[in-house]
Amino acid sequence: MNKSETEKAVKSANGLKVAYPLDEIEQLFEQYEEAADALQEKIDRLEGMEELGEMFQERLDKYNERMEALERAKEALESLRDTFSEFEEALGDLENAV
């Protein structure tokens, strides 16, 4: 910024001082800073919620994997039970034949 631009800025600022007293300008800056801090807190909370959501999604995925494994185990047990029943029938038929 050159000297004439600086002088214009100072003159403009002096005009603002008349229109807006310094204490009002300071209050506006404080309000701005408070609003910025509050916004940052909300952003931080949202980021925390996002991390929590990711953690819950991971747990849900693990739960679903376990449920699928349990379903496969159930099917295997049912198959084993059917095989055992067939074995018992064959054994009974063998005993009757003997």
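All values derive from a computational prediction rather than experimental measurement. Just so you know, residue 1 is the first one in the sequence shown, and it goes up from there. Hydrogens, waters and symmetry mates play no part in the numbers below; they use all other heavy atoms, side chains included.
Looking only at distances, a side-chain donor or acceptor of T83 sits under 3.5 Å from a matching main-chain atom of S79.
Expressed to the nearest 0.5 Å, how far CE of M55 lies from CD of E50 amounts to 13.5 Å. To the nearest 0.5 Å, atom CG of residue D37 and atom CG of residue D44 are 10.5 Å apart. Residue F56 holds its CZ atom at 13.5 Å from CG of D61, rounded to the nearest 0.5 Å. A distance of 10.0 Å separates CZ in R59 from CZ in R66, rounded to the nearest 0.5 Å. Expressed to the nearest 0.5 Å, how far CG of L60 lies from CE of M67 amounts to 11.5 Å. Separating the CD atom in E34 from the CD atom in Q27 is a distance of 10.5 Å, to the nearest 0.5 Å.
Using a 4.5 Å cut-off on side-chain heavy atoms (C-beta onward), E88 and L91 make no contact.
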Practice item. Take E68 and N64 through the side-chain hydrogen bond (donor to acceptor under 3.5 Å, both in side chains) test and state the conclusion after the steps. Key: CA-CA 6 Å; E68 290 171 5; N64 287 333; over 6 Å; no
